[in-house]
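Only one structure is covered here, and it is reproduced in the block below.
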Amino acid sequence: MKFIATTIAALALVSGLYSCKSGSESEKPEDYYVFTSFHEPADEGLRYLYSEDGIHWDSIPGTWLAPHIGDSIMRDPSIVVGPDSTYHLVWTIAWKGDTGFGYASSKDLVNWTDQRRIPAMDSIASTQNLWAPELFYDDVKDQFMIVYASCVVDAGFDVGIEDPKNNHRLYCVTTKDFETFSEPRLFYEPGFSCIDATLVKRGPEDYVMVVKDNTRPNRNIKVAFAKNAEGPYSAASEPFTEQFTEGPSVAKVGDEYYIYYDTYRKGIYSAHKTSDFKNFTEVTDSVRIPAGHKHGTIFRAPRPVIDNLIDRNSK
């Protein structure tokens with residue numbers, strides 16, 4: 001009986017240790033948050049940050065796609081994962097004088113297809129530029145939207161105190177296959193110059209756009225709401241950030257949304273959190289963003305995909 005009791009106790013101890021180990025392993029998320037990034041002067045290419053909790057971020061060393069179209073720069077890289085697990089990437093290819101954006105795709109975030117220039121605004125003669133193309137997958141219409149800012153001099157928008165060649169509105173093209181694109185259309189006209197839009201779907205007929213008011217008195221970030229991904233969106237809210245902020249990106253963490261943005265005059269990345277996009281709490285001191293990170297977007301990727309990226313730079 002003593003032998004049996006000892007054996008049972010030993011088995012219980014082993015089982016307990018195994019359960020602790022299994023519990024620890026199961027606590028690790030199945031995927032990471034990934035934040036696309038670039039460093040100034042934007043000529044080196046695509047970078048990544050990663051995080052297990054969407055709050056504390058680390059860099060994955062190195063660059064993963066060197067730009068060679070447009071002005072051979074890559075600004076504002078935006079990635080969305082399609083229904084077939086393909087990673088689709090778009091980016092700004094020039095400060096001014098180019099009316100297209102860059103596109104490439106990948107299955108593993110390492111090997112990318114040939115870069116292509118998508119001539120989104122070429123058909124609108126007075127277009128000055130195309131900035132910050134942002135990808136969004138509309139699961140209702142099974143299509144991808146690319147929302148971007150352009151200054152169209154002959155569009156007839158109120159200029160206010162803006163330079164006519166720096167008076168932006170948001171435009172959009174859509175595609176199902178990244179081969180054929182819709183004609184460009186005006187996406188958002190809030191009555192002021194705006195750039196850097198990102199879209200969030202909270203539920204059926206419940207969409208939020210986070211956008212920068214780029215007018216001289218403001219230079220801050222606001223939100224608008226819609227029942228459909230393509231709009232129409234409501235009037236913009238009051239700003240929830242200070243002046244000289246831009247490039248918002250959103251991560252859903254539990255029941256809250258973390259809005260990351262570039263406080264560019266201070267040279268830091270900042271964050272607010274919200275549960276309803278009406279009440280905001282600044283959490284800059286609670287998040288960790290590596291130095292040098294610039295405007296990108298946040299998506300989720302399986303742990304093996306990101307572990308592969310990390311391992312490639314640890315050898």
Side-chain angles (χ1 to χ4, degrees), residues 42 65 67-80 82 86 88-105 112-138 140-160 162-199 207 209 211-215 224 226 228-233 247 295 297:
L65 182 63
H68 61 254
I69 57 176
D71 287 349
S72 294
I73 64 169
M74 179 182 289
R75 305 184 66 85
D76 321 309
S78 175
I79 289 179
V80 157
T86 297
H88 298 279
L89 166 68
V90 297
W91 69 93
T92 304
I93 61 176
W95 267 110
K96 57 184 178 179
D98 200 309
T99 53
F101 60 81
Y103 170 74
S105 65
W112 291 90
T113 60
D114 290 341
Q115 298 171 40
R116 290 161 44 207
R117 177 187 178 277
I118 306 302
M121 295 292 282
D122 285 9
S123 61
I124 302 180
S126 63
T127 304
Q128 302 298 299
N129 61 341
L130 192 158
W131 286 354
E134 183 88 2
L135 269 169
F136 180 81
Y137 176 65
D138 181 357
V140 175
K141 293 189 175 181
D142 186 26
Q143 67 180 7
F144 296 89
M145 301 168 53
I146 303 94
V147 178
Y148 50 86
S150 286
C151 175
V152 180
V153 174
D154 296 336
F157 299 125
D158 182 33
V159 175
E162 304 306 307
D163 183 321
K165 293 186 177 181
N166 192 36
N167 185 34
H168 294 79
R169 296 301 188 272
L170 298 178
Y171 291 81
C172 171
V173 293
T174 60
T175 182
K176 288 183 177 292
D177 56 11
F178 291 92
E179 296 294 337
T180 302
F181 292 81
S182 69
E183 289 297 313
R185 70 170 182 85
L186 181 65
F187 183 76
Y188 190 53
E189 157 43 349
F192 55 80
S193 180
C194 55
I195 64 173
D196 293 353
T198 189
L199 305 182
Y207 296 83
M209 175 170 57
V211 61
K212 180 187 179 183
D213 179 340
N214 200 44
T215 55
N228 301 288
E230 294 185 86
Y233 282 82
H295 182 192
T297 57

State, yes or no, whether a side-chain contact exists between [X] and [Y] at a heavy-atom distance under 4.5 Å.
X      : Y      : value
Met209 : Val147 : no
Arg169 : Ser193 : yes
Trp131 : Trp95  : yes
Ile146 : Phe181 : yes

Qualifying residues under side chain to side chain donor-acceptor pair (under 3.5 Å), relative to Asp177, sequence neighbours excluded: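 Once residues adjacent in sequence are excluded, the partners of Asp177 under the side chain to side chain donor-acceptor pair (under 3.5 Å) criterion are Thr175.
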Non-neighbouring partners of Tyr137 that pass side chain to side chain donor-acceptor pair (under 3.5 Å), sequence neighbours left out: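 For Tyr137, the residues satisfying side chain to side chain donor-acceptor pair (under 3.5 Å) (neighbours in sequence not counted) are Asp142.
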Check [X] against [Y] and note the closest heavy-atom contact, atom names and distance.
X      : Y      : value
Pro133 : Phe101 : CG-CB, 3.8 Å
Pro232 : Ala226 : O-CB, 3.4 Å
Leu170 : Val211 : CD1-CG2, 4.0 Å
Ser72  : Pro67  : O-CG, 3.6 Å
Met145 : Cys172 : CE-SG, 4.2 Å
Pro184 : Ala120 : CG-O, 3.2 Å

Value rounded to 0.5 Å, distance of [atom1] in [X] from [atom2] in [Y]:
X      : Y      : atom1 : atom2 : result
Gln128 : Met121 : CD    : CE    : 10.5 Å
Phe136 : Gln143 : CZ    : CD    : 10.5 Å
Thr297 : Ile79  : OG1   : CD1   : 6.5 Å
Thr113 : Tyr103 : OG1   : OH    : 6.0 Å
Tyr171 : Leu130 : OH    : CG    : 11.0 Å
Leu89  : Trp91  : CG    : CH2   : 5.0 Å

Is it the case that the side chain of [X] and the backbone of [Y] share a donor-acceptor pair, with hydrogens and angles ignored and the cut-off at 3.5 Å?
X      : Y      : result
Ser78  : Leu135 : yes
Ser105 : His88  : no
Ser150 : Asn129 : yes
Glu162 : Pro164 : no
Ser182 : Thr174 : yes
Asn228 : Glu230 : no
Ser126 : Val152 : no
Arg117 : Ile93  : no

For Ala94, side-chain contact (heavy atoms from CB on, under 4.5 Å) partners two or more places apart: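 Partners of Ala94 under the side-chain contact (heavy atoms from CB on, under 4.5 Å) test: Asp71, Asp98.
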Derivation of the side-chain contact (heavy atoms from CB on, under 4.5 Å) call for Val90 and Phe144: CA-CA 11 Å; Val90 297; Phe144 296 89; over 6 Å; no
Within the 6.0 Å centroid threshold, strictly below: Phe187 and Tyr233: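 Yes, the ring of Phe187 comes within the 6.0 Å limit of the ring of Tyr233, centre to centre.
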Residues, nucleotides or ligands: over 12 heavy atoms within 6.0 Å of Lys176 NZ: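 Count over threshold, so yes.
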